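Because the structure is a prediction, the values reported are computed rather than measured. Throughout, protein chains are lettered first and strands after them, A, B, ... in sequence-line order, and every chain is numbered starting at 1. Keep in mind that the numbers below use all heavy atoms, side chains included, and drop hydrogens, waters and symmetry copies.
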Amino acid sequence: MQTHTAKRVEITIEKIMQSRLTDALVGAGVHGYTILPVFGGSGRSGEWSRSGQISRAEGMVQVICIVREERLDALLTAAFKVVEKHIGIVNITDCEVLRAERF
Amino acid sequence: MQTHTAKRVEITIEKIMQSRLTDALVGAGVHGYTILPVFGGSGRSGEWSRSGQISRAEGMVQVICIVREERLDALLTAAFKVVEKHIGIVNITDCEVLRAERF
Amino acid sequence: MQTHTAKRVEITIEKIMQSRLTDALVGAGVHGYTILPVFGGSGRSGEWSRSGQISRAEGMVQVICIVREERLDALLTAAFKVVEKHIGIVNITDCEVLRAERF
Amino acid sequence: MADILALAADNLISPIVLCFALGLFAALARSDLSIPEAVAKGLSIYLLFAIGFKGGVSVAAHGVDLTLGLSLIAGIILSALLPIVAFALLRSITQLDRLNAAAVAGHYGSISIVTFVAATSVLESSGIAAEGYMVAVAAAMEAPAILSALWLISRGESGRMDANLWREIMLNGSIVLLVGAFIIGGVTGEEGLKEISSFIVEPFKGVLCLFLLDMGLVAGRGLAKGGKLLGWSSIAFGVLMPPIGAAFGLAAALALGLSLGGTVLMMTLTASASYIAVPAAMRVALPEANPSIYLTLSLGVTFPFNLVLGIPLYLAVASAVSGG
Amino acid sequence: MADILALAADNLISPIVLCFALGLFAALARSDLSIPEAVAKGLSIYLLFAIGFKGGVSVAAHGVDLTLGLSLIAGIILSALLPIVAFALLRSITQLDRLNAAAVAGHYGSISIVTFVAATSVLESSGIAAEGYMVAVAAAMEAPAILSALWLISRGESGRMDANLWREIMLNGSIVLLVGAFIIGGVTGEEGLKEISSFIVEPFKGVLCLFLLDMGLVAGRGLAKGGKLLGWSSIAFGVLMPPIGAAFGLAAALALGLSLGGTVLMMTLTASASYIAVPAAMRVALPEANPSIYLTLSLGVTFPFNLVLGIPLYLAVASAVSGG
Amino acid sequence: MADILALAADNLISPIVLCFALGLFAALARSDLSIPEAVAKGLSIYLLFAIGFKGGVSVAAHGVDLTLGLSLIAGIILSALLPIVAFALLRSITQLDRLNAAAVAGHYGSISIVTFVAATSVLESSGIAAEGYMVAVAAAMEAPAILSALWLISRGESGRMDANLWREIMLNGSIVLLVGAFIIGGVTGEEGLKEISSFIVEPFKGVLCLFLLDMGLVAGRGLAKGGKLLGWSSIAFGVLMPPIGAAFGLAAALALGLSLGGTVLMMTLTASASYIAVPAAMRVALPEANPSIYLTLSLGVTFPFNLVLGIPLYLAVASAVSGG
Ligand SMILES: Nc1ncnc2c1ncn2[C@@H]1O[C@H](COP(=O)(O)O)[C@@H](O)[C@H]1O
Ligand SMILES: Nc1ncnc2c1ncn2[C@@H]1O[C@H](COP(=O)(O)O)[C@@H](O)[C@H]1O
Ligand SMILES: Nc1ncnc2c1ncn2[C@@H]1O[C@H](COP(=O)(O)O)[C@@H](O)[C@H]1O
Ligand code: NA
Ligand code: NA
Ligand code: NA
């Protein structure tokens with residue numbers, strides 16, 4: 001089937017920052033994203049898990065954006081401003097998409 | 001460690017279409033998939049979130065299939081028939097897998 | 001933006017094995033991972049889903065690790081020992097990350 | 001008229017309506033207040049189970065008669081008929097295209113079980129009894145409207161409906177639970193009720209309050225998102241259609257000889273619009289129709305209208321007609 | 001005999017059993033009815049807390065005596081012993097290999113707390129009192145069977161068991177909650193109970209109904225998926241093993257001099273099969289064993305058997321033996 | 001003194017405190033016992049709704065007076081003031097840097113609604129009435145402390161606070177629900193309460209038990225993870241600050257002329273530390289501060305201290321002062 005190359009950006013960030021991140025994405029012209037719940041994780045700031053978390057404020061989410069390559073830099077710049085001081089991780093993969101008109 | 005090349009297909013689709021999609025996958029000979037819950041998202045059809053959704057019918061899921069390259073086209077054709085008229089996005093990444101006998 | 005190449009390892013495994021897996025990862029020097037809940041899936045051992053599961057013991061999770069390439073083999077070896085006899089799937093993708101100091 | 005106003009005013013300050021208003025306010029003010037999805041689903045399971053069970057017990061106490069069967073048939077006919085009325089009204093007063101009009105119309109033939117529960121609770125407060133089998137009528141009215149809506153779109157054409165969808169509609173969780181609890185209540189009767197009444201009777205209204213809080217949140221978030229999509233004509237439809245539906249319900253209730261309570265419930269059923277079963281079916285069968293339109297209308301306009309004004313109105317009209 | 005049938009018939013139309021049947025029906029008819037996982041877990045936490053607390057209060061009221069300790073020891077021995085009986089039976093009447101037979105056997109030494117709760121509720125309806133500490137016996141019987149099962153497989157060999165698994169089994173959530181609530185009930189006594197009885201006593205049976213609805217759904221979906229895997233001989237095992245276990249329980253209860261109620265509960269414990277603690281341990285220690293076999297047998301065959309026929313049978317037998 | 005000890009001992013064996021202890025034990029023993037997040041959130045929604053509603057009903061019954069307004073103002077001032085006191089204490093007795101000290105300080109100006117609820121329930125058991133509007137005071141005290149904390153850090157500087165965060169704090173779910181339920185209770189009064197009291201009054205204490213079980217689990221897991229981070233001086237702060245806060249609360253209560261019950265509640269509010277609203281705000285505004293420090297102190301040290309020792313202490317002191 002006909003596919004088109006794109007970038008898959010995966011941003012793991014605190015739930016409390018989610019709307020700030022998606023606002024920034026929309027501000028950078030990125031209107032397509034999917035948000036996954038996260039159960040737990042570990043990083044430089046230590047380990048946490050949804051069941052063991054000391055406060056309901058601590059959860060994280062994963063925001064996945066599929067974007068055309070030419071928009072990647074705008075996306076990363078916008079995202080970086082939000083995540084900069086916060087814990088989390090951002091990774092980018094090459095991908096192909098069906099239905100290019102959709103993104 | 002010994003790994004094998006494969007394709008990772010990620011299909012984001014309405015929950016209500018999930019069983020129709022997996023039936024189509026199985027029909028196309030794809031028996032391995034993993035389904036992730038989705039919290040929210042945004043696309044051409046607008047924004048939605050699990051907590052703000054106006055009806056419990058609106059949720060989405062993400063179906064991930066790891067397939068051998070030679071099966072990719074059959075998978076995409078089968079999936080496309082289901083998602084065609086529906087909202088959602090399909091992306092494909094190259095990957096390596098351990099334990100090739102498993103997929 | 002400045003990015004660095006890395007590997008994204010995605011391990012789908014029974015929830016009951018989660019802490020054994022993350023202990024093994026930490027043992028292999030991998031301190032960064034994110035755990036996603038899984039709704040359902042299908043594989044050689046058949047189909048299961050969170051709502052239809054016959055016991056609450058059956059769930060699965062997806063553990064995602066972003067690692068530098070040079071650590072990949074240690075990670076896979078450690079993970080393999082845990083998943084070896086168990087159901088599940090391990091796949092690896094090339095990726096780029098922001099903020100390399102974080103992983 | 002004064003009566004209706006007094007009833008409406010009374011209704012307005014019931015905890016149930018105020019909880020809905022609180023949810024609405026919180027959503028429109030963009031508070032992060034939310035009831036977890038699992039809890040909301042748990043509450044709705046509780047309500048369906050309790051209302052079904054109590055209906056069954058009441059039928060066990062009063063016996064089955066011919067009116068039960070006739071009421072079921074009337075419900076099915078009304079559910080199939082009202083989408084056509086709604087479709088005609090939509091096409092004449094709004095700009096909606098055929099597809100979206102048919103999708104919306106389907107919702108108004110089907111029913112909202114929470115509106116039904118709220119009406120039950122108003123009746124109880126007023127000490128008015130109703131036929132227990134109205135619960136079964138509610139269940140019977142869920143699905144026929146879907147077929148009408150699909151027929152409105154695909155006259156001639158085919159393929160909108162498959163066997164899977166058919167099963168999903170007829171055996172959707174709400175129907176199975178409502179009917180199942182109704183049968184269990186019927187089988188175990190008063191004795192069964194006594195065993196579990198401190199679970200399904202006493203706390204019922206409190207649970208309903210929390211559930212309506214969630215309904216308010218969800219309706220408010222829907223309005224915030226989808227409200228702009230609705231023109232004034234659509235909103236007018238959302239408040240005009242319920243009384244029209246209720247008039248059909250009234251006629252049927254009179255023909256069937258239902259009690260005052262039963263009449264109010266029948267009117268409420270015909271006046272209410274689905275926001276669970278029908279949207280799900282529409283997403284599968286009419287994916288091109290815009291869910292924001294039909295959900296916002298059903299849940300954001302018609303549901304609050306019925307909850308706040310409709311139910312007291314139907315009660316007043318039914319009382320007047322029954323010479324009460 | 002007539003007595004047993006009357007009891008069974010009575011039991012059959014209790015709301016609890018009917019709710020289970022409704023869930024079973026919904027699952028087999030492939031309805032999408034489901035109780036969210038979080039809610040089901042919440043209900044089970046409620047049930048464990050309530051049953052543990054009430055057991056503790058009853059012990060506080062009646063005092064601790066030697067029989068308590070002896071009953072605990074008897075429970076532990078039975079839990080460790082029954083897997084060996086079950087293993088022998090499985091290997092002689094079914095085709096299961098050693099591994100799967102051992103895994104299944106482990107389930108039948110351990111217990112199902114919901115079956116225990118259902119038996120308690122039948123006793124209550126019949127006005128029969130039981131020793132409060134039977135709750136503690138239930139907790140004590142959860143784990144020993146797991147060790148027996150692993151021993152059956154790895155005689156000689158080693159490495160199936162690690163310290164982590166050991167801790168996970170002994171401190172699994174159900175045991176900790178049950179025993180913890182038992183102790184809290186024992187410490188706070190009647191006074192503590194009075195404070196929270198409108199939470200843990202009055203609504204108890206209603207909550208149990210909803211929980212059994214979920215059990216029916218889960219059992220039904222398991223049967224739909226795993227049923228084909230079970231030969232007739234396995235199914236025969238699933239209904240034969242409970243009465244055999246109950247016979248052991250009866251013998252122990254008589255030796256211990258338990259009351260009629262205590263005897264019924266001890267029989268129910270030995271007759272019931274685990275579907276939470278043991279499967280989890282088996283997934284870790286015996287991943288090669290097929291979970292569909294042991295889960296379907298335990299939850300799809302033995303659980304319904306005990307719920308519908310077993311409990312009235314054990315009550316009838318215990319009454320006959322105790323000369324009641 | 002003997003009185004305080006007797007009260008504390010009594011309190012220690014209340015089901016509520018024992019449930020907290022059970023959760024703590026389970027977490028520290030690394031049991032997998034856990035209350036699903038959705039259920040815990042559901043329980044907290046229930047508690048907030050019930051406590052708010054009852055407060056409103058009580059105000060409706062006793063009427064609104066000047067003290068209500070003055071108490072609100074006092075609460076706001078105390079909430080804004082106490083972080084400065086806490087900050088000074090932290091900087092003098094612990095090693096914490098300015099940033100973390102400010103973040104911790106913010107928590108101690110704000111309040112813990114569960115501590116408030118626990119105090120209410122102790123008052124009820126002792127048959128001591130309190131001003132219903134203390135619920136509104138609790139709501140008013142949630143946010144001002146956050147501003148103080150941010151001011152402590154950014155004196156001169158700016159940009160920590162944006163409009164979004166401001167709205168999130170003022171309209172956070174707990175505040176909206178508590179105040180909303182308070183208003184609904186006030187509007188519907190005794191009559192409204194009668195309709196739903198078997199939901200929000202009778203089972204209240206039992207629900208609180210389960211909620212405290214979850215609090216114990218969460219506090220225990222926090223201690224297991226974050227405990228090492230806390231030096232002895234921080235822990236000392238966690239038990240010293242509550243009585244200091246309570247002294248401010250006592251002074252305010254005396255100045256306002258609150259009843260004995262109201263005085264105890266005011267002391268409890270000033271003594272308690274936030275673990276929901278403030279941490280969330282801190283994660284946004286002060287991401288560099290370490291959440292393990294402030295959460296472990298607030299939930300792992302101060303919360304248990306207040307629950308077990310603090311509340312009886314405040315009650316004893318208030319009784320002594322009020323010459324009771
Ligand atoms: N290397 C990694 N791979 C996957 N997820 C990570 C990694 N590092 C951090 N994370 C995620 O980001 C969260 C915060 O990480 P950190 O900022 O390193 O404390 C963790 O709890 C994980 O969920
Ligand atoms: N570019 C994208 N990146 C990630 N997810 C997307 C993207 N576009 C759409 N989606 C997902 O697919 C859903 C429907 O998208 P759409 O069909 O564009 O309305 C959205 O709610 C997202 O969850
Ligand atoms: N090819 C695959 N693609 C995606 N997920 C898979 C695949 N194979 C297995 N899985 C996941 O791993 C679980 C166990 O698979 P298996 O070990 O094949 O029984 C399944 O339930 C899926 O969640
Ligand atoms: Na209708
Ligand atoms: Na057993
Ligand atoms: Na305070």
Side-chain angles (χ1 to χ4, degrees), chain E residues 35-50 52-54 56-57 60 163-204 206-207 276-277 280-281, chain F residues 9-47 50 118 120-122 124-127 197-214 216-217 220-221:
Chain E
I35 312 249
E37 200 188 349
V39 173
K41 217 184 150 201
L43 295 179
S44 82
I45 286 169
Y46 170 88
L47 293 175
L48 288 168
F49 179 72
F53 196 100
K54 288 185 277 185
V57 170
N164 261 342
L165 179 56
W166 190 231
R167 200 200 61 246
E168 282 170 21
I169 293 171
M170 297 307 297
L171 290 174
N172 88 62
S174 312
I175 294 188
V176 169
L177 182 52
L178 195 62
V179 174
F182 178 77
I183 294 173
I184 296 178
V187 170
T188 62
E190 289 287 347
E191 218 171 306
L193 183 63
K194 222 187 319 163
E195 293 190 58
I196 62 172
S197 82
S198 38
F199 178 63
I200 66 169
V201 178
E202 282 89 13
F204 187 81
V207 176
I276 296 179
Chain F
D10 233 45
N11 191 39
L12 259 174
I13 61 156
S14 79
I16 289 170
V17 172
L18 290 173
C19 282
F20 180 79
L22 174 58
L24 213 58
F25 164 81
L28 295 176
R30 292 200 289 145
S31 164
D32 68 349
L33 179 60
S34 77
I35 312 250
E37 201 188 348
V39 173
K41 218 183 149 203
L43 295 178
S44 82
I45 286 170
Y46 170 89
L47 294 175
T120 313
S121 133
V122 167
E124 249 167 48
S125 302
S126 319
S197 83
S198 38
F199 179 61
I200 67 171
V201 178
E202 281 89 13
F204 188 82
K205 214 164 202 168
V207 176
L208 186 56
C209 281
L210 279 196
F211 191 75
L212 281 171
L213 175 64
D214 184 56
L217 286 166
R221 291 199 175 117

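In this structure a side-chain-to-backbone donor-acceptor pair under 3.5 Å is present from E:Asn172 to E:Ile169. For E:Lys41 (side chain) and F:Ser34 (main-chain N/O), a donor-acceptor pair under 3.5 Å exists by modelled atom type.
Residue F:Leu22 touches chain E through its side chain alone, counting heavy-atom pairs closer than 4.5 Å. Proximity to chain E (any heavy atom under 4.5 Å) is restricted, for F:Ser14, to the backbone atoms N, CA, C and O. With a 4.5 Å cut-off on non-hydrogen atoms, F:Ile13 touches chain E through its backbone and its side chain both. For E:Ala50, no part lies under 4.5 angstrom from a heavy atom of chain F. The contact between F:Leu213 and chain E is made entirely by side chain atoms (from C-beta outward), counting heavy-atom distances below 4.5 Å.
Contact check for E:Glu195 versus F:Cys209: no side-chain heavy atoms found under the 4.5 Å cut-off. Two residues are said to be in side-chain contact when any heavy atoms from C-beta on lie closer than 4.5 Å; E:Glu37 and F:Pro36 fail this criterion. Between F:Tyr46 and F:Leu210, the closest side-chain pair of non-hydrogen atoms is not below 4.5 Å.
The line from CG of F:Leu212 to CG of F:Leu43 is 10.0 Å long, rounded to the nearest 0.5 Å.
In terms of heavy-atom pairs under 4.5 angstrom with chain E, the leader among F:Ile16, F:Leu18, F:Val39 is F:Leu18. Taking E:Ile175, E:Ile200, E:Thr188 one by one and counting their heavy-atom pairs under 4.5 Å with chain F, the maximum is reached by E:Thr188. Note on E:Ile184, E:Ile196, E:Val176: by heavy-atom pairs under 4.5 Å with chain F, the leading option is E:Ile184.
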